[in-house]
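Structure record follows, encoded as structure tokens.
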Amino acid sequence: MSIQSLLHGIDQLSKSVGHAFAWCIVLLTLGTSYEVFVRYILDDPTSWAYDMSYILYGAMFLMSGAYALSRGAHVRGDIFYRLMPNRVQASVELVLFIIFFYPGVLALMYSGWSYGADSLRIGEVSVNSPIGVPIWQLKLVIPAAGLLLAIQGIAEMLRCVICLRTGAWPERLHDVEEMEVAILQQLAATQSTENTPAMKGAAS
């Protein structure tokens, strides 16, 4: 297996999990809309809508972390970073992954497993719910999210090493693009077309 195949395989794992948990938004929208209807129109609020909302949102937020990392979508202060040469970017990222990312993610996995296992053992339910909505399943998502982040982190560090060797960032899987990235790509394509000899000849 080539390094590029390994990178794409890890990216595909993160993408599949992220896309699967994105459906939480649909369930969350339907549940919240139903709650608004019965609360304000029928004057008969549910006893589960609040717990449903933070369980679904929490699961989506946690399990989409690796997907966001694979797409470079996490918030970063890149005012200066984007102006750096590729090898300098890779050096900075590699150091930050080692010093900050992995200690935090490993702590999340370790503490999250203990936290989730204790919650499962006692069959924890929500203190906010009059019907005792179980919440142990959400807490077990925490170490799973940490594991996915750790796996995606390996791919990101490999990308840094490749960039340090070649001076270019390896290709990522194509997926949904942020608006800024899409606009920059469109501008680059337009400028490239305008600068071709055929277009120059036609303009003259």
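Everything numeric in this text was worked out from a predicted model, so none of it was measured.
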Within-4.5 Å side-chain heavy-atom neighbours: Ser14 and Leu69: no

Would you check if there is a donor-acceptor pair between the side chains of Lys139 and Tyr115 at a distance under 3.5 Å? yes

Interatomic spacing from CG in Leu13 to CG in Leu148 - rounded to 0.5 Å: 5.5 Å

Are side-chain heavy atoms of Asp118 and Trp136 found at a separation under 4.5 Å? no

Begin with the C-alpha distance, continue with both residues' side-chain angles, and end with the deciding distance and a verdict on side-chain contact (heavy atoms from CB on, under 4.5 Å) for Leu158 and Ile10. CA-CA 11 Å; Leu158 285 174; Ile10 295 175; 5.6 Å; no

Using atom types as modelled and distance alone, determine if a side-chain donor or acceptor of Ser119 lies under 3.5 Å from a backbone N or O of Gly116. no

Interatomic spacing from SG in Cys160 to CG in Leu164 - rounded to 0.5 Å: 7.0 Å

Would Val26 end up clustered with Leu62 when hydrophobic side chains under 4.5 Å apart are linked, directly or stepwise? no

Candidate pair Val125 and Val133, rule side-chain contact (heavy atoms from CB on, under 4.5 Å), full reasoning: CA-CA 5 Å; Val125 299; Val133 174; over 6 Å; no

Is it the case that more than 12 heavy atoms not belonging to Phe61 sit under 6.0 Å from its CZ atom? no

For Arg165, give me all partners under salt bridge (charged side-chain N to carboxylate O under 4.0 Å, His left out), at least two apart in sequence or on another chain. none

Joint hydrophobic cluster, Leu27 plus Val36, side-chain heavy atoms closer than 4.5 Å: no

Report, as yes or no, whether the 6.0 Å neighbourhood of atom OH on Tyr81 holds more than 12 heavy atoms from other residues, nucleotides or ligands. yes

Does Gly65 offer a backbone N or O that forms a donor-acceptor pair with the side chain of His74 under 3.5 Å? yes

Ignoring hydrogens and geometry beyond distance, is a side-chain donor-acceptor pair present between Ser114 and Ser111 at under 3.5 Å? no

For the CD1 atom on Ile79, are there more than 12 heavy atoms of other groups (residues, nucleotides or ligands in this structure) within a distance under 6.0 Å? no

Derivation and outcome, side-chain contact (heavy atoms from CB on, under 4.5 Å), residues Phe101 and Met157: CA-CA 11 Å; Phe101 178 83; Met157 292 181 69; over 6 Å; no

Sequence neighbours left out, what pairs pass side chain to side chain donor-acceptor pair (under 3.5 Å) with at least one residue falling in residues 33-43? Glu35-Arg39, Glu35-Thr46

Could you state the interatomic distance from CD (Glu93) to CG (Asn86), rounded to the nearest 0.5 Å? 10.5 Å

In this structure, are over 12 heavy atoms from other groups packed under 6.0 Å from Trp113 atom CH2? no

Count the heavy atoms belonging to other residues, nucleotides or ligands that lie under 6.0 Å from CH2 of Trp23, then report whether that count exceeds 12. no

Within the side chain of Tyr50, is there an N or O that forms a donor-acceptor pair under 3.5 Å with the backbone of Asn128? no

Under 3.5 Å: donor-acceptor pair, side chain of Asp44, backbone of Val38: no

Distance, nearest 0.5 Å, that separates CD of Gln152 from CZ of Arg71: 10.5 Å

Side chain proximity check, Ser64 to Phe21, heavy atoms < 4.5 angstrom: no

Is it true that Asp51 and Ser126 share a donor-acceptor pair across their side chains at a distance under 3.5 Å? yes

Identify whether Leu140 and Ile135 are in the same connected component of the hydrophobic contact network (ILVMFWY, side-chain heavy atoms under 4.5 Å). no

What I want to find out is whether Glu156 reaches Arg172 closely enough, with some N-O distance under 4.0 Å, to be called a salt bridge. yes

What is the distance from atom CG of Leu7 to atom OG of Ser70, rounded to the nearest 0.5 Å? 11.5 Å

Leu96, Leu108: one ILVMFWY side-chain cluster at the under-4.5 Å cut-off? no

Just by distance, with hydrogens left out, do Gln4 and His8 show a side-chain donor and acceptor under 3.5 Å apart? yes

Tyr110 and Ile151: same hydrophobic cluster, using ILVMFWY side-chain contacts below 4.5 Å? no

After noting the C-alpha distance and the side-chain angles of Tyr67 and Asp11, does the key distance pass the side-chain contact (heavy atoms from CB on, under 4.5 Å) rule? CA-CA 7 Å; Tyr67 172 54; Asp11 286 349; over 6 Å; no

